[in-house]
Asker: 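Next up is a structure, given as structure tokens.
Every chain is numbered from 1 and lettered A, B, ... according to where its sequence line falls, protein lines coming before strand lines.
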Amino acid sequence: MQPLSPAFFARSTLEVAPDLLGTLLIHEQPTGERLVGRVVEVEAYTQDDPAWRSWGIVDAATGLVVPEGRGLDLFGKPGTAYVYLCYGRYWMLNVVTEPEGRAGCVFVRAVEPLAGRDVMWQRRPAARREVDLTNGPGKFSQAFDIDRRFHGRPLTAPPLYFAEDEEKRDWPIATSCRIGLHFGIDWPYRFFVEGHRCVSPGVPSDVAARARCAKRSGVINRRGR
DNA sequence: ACGAGGATGCTCT
DNA sequence: GAGCATCCTCGTG
């Protein structure tokens, strides 16, 4: 498994996000076992994004993410992890994008469990069906044992890294607005594999926003590269 | 099947 | 002290 390179992530966030769909997320366990999931749902977060308000790392006047404190990490090396704790329980995995000095990241929302499922079942006793192992950002981070210890570390080398899927399938990609936000809810920056069983069940909480986003949804092509 | 509500801890004001 | 890029449980039907 060849890891994706830092150069892959040192591009426009809106290019990286859909390109990340279909790639593999791999976590090599201390035991030698390898957890593998295929990325099926992501969200993009750009430098001028109102959604940063959710993280409290913006300048109140400009609305832009500020390069200090936690915000500084979003300006860091492309391909490194930005890990965030949500609601006191669940770890959110992001990968930093854009050339160094420019803020951006892709938030991984769901993967398809491909290998190491026995370990995932142990870590997720609440799961009923196989898709429940990884069909949400807090779920797959629990299944993959991802937490704060990966913050700032490269996702371009073991033990935790992204890799190209050798099957090279063409995935039908759909877009929508993002899920669970209070700011930037109209931005159509969510990308997911159309119809895939492992896409998270989440929907935009605001009914009006959901309707607006539905209008903007559409299938686009990937991997003409 | 689906919706409401609570758990929980980190970050910034 | 408030807010939060979630998930799970337990009600109803």
Asker: Would you mind telling me which of dT6(C), dC8(C), dG9(B) lies closest to the side-chain atoms of C86(A)?
Answerer: dT6(C)

Asker: 5'-most contact on DNA chain C: F183(A) or P137(A), nearest heavy atom basis?
Answerer: F183(A)

Asker: Starting the side chain at C-beta, find the nucleotide from dC12(B), dC7(C), dA7(B) nearest to K139(A).
Answerer: dC7(C)

Asker: Will you find, in the side chains of T13(A) and E98(A), an N or O donor that is under 3.5 Å from an N or O acceptor?
Answerer: yes

Asker: How long is the span from the CG atom in L72(A) to the CZ atom in R70(A), to the nearest 0.5 Å?
Answerer: 11.5 Å

Asker: Can you give the dot-bracket line for DNA chain C, where a pair is Watson-Crick or G-U wobble with both atom distances under 3.5 Å, crossing pairs use [ ], and | marks a partner on another strand?
Answerer: ||||.|||||||.

Asker: Pick base, sugar-phosphate or nothing for F140(A), based on heavy-atom distances below 4.0 Å to the nucleic acid.
Answerer: nothing

Asker: Establish, with yes or no, whether the OP1 or OP2 oxygen of dC4(C) is under 4.0 angstrom from a side-chain nitrogen or oxygen of R89(A).
Answerer: no

Asker: CD of E112(A) to CZ of R197(A): how many Å apart, nearest 0.5 Å?
Answerer: 5.0 Å

Asker: For Y90(A) and for R148(A), locate the closest nucleotide of DNA chain B by heavy-atom distance; then report the residue assigned to the nucleotide nearer the 5' terminus.
Answerer: Y90(A)

Asker: Using ring centroids (six-membered ring only for Trp), state whether F140(A) and H27(A) fall under 6.0 Å.
Answerer: no

Asker: State whether a side-chain donor-acceptor pair under 3.5 Å links Q142(A) with R124(A).
Answerer: yes

Asker: How long is the span from the CZ atom in F8(A) to the CG atom in L20(A), to the nearest 0.5 Å?
Answerer: 5.0 Å

Asker: R70(A) has a side chain; which of dC4(C), dT11(B), dC8(C) sits nearest to it?
Answerer: dT11(B)

Asker: How would you label the contact of R128(A) with the nucleic acid (heavy atoms, under 4.0 Å): base, sugar-phosphate, or nothing?
Answerer: nothing

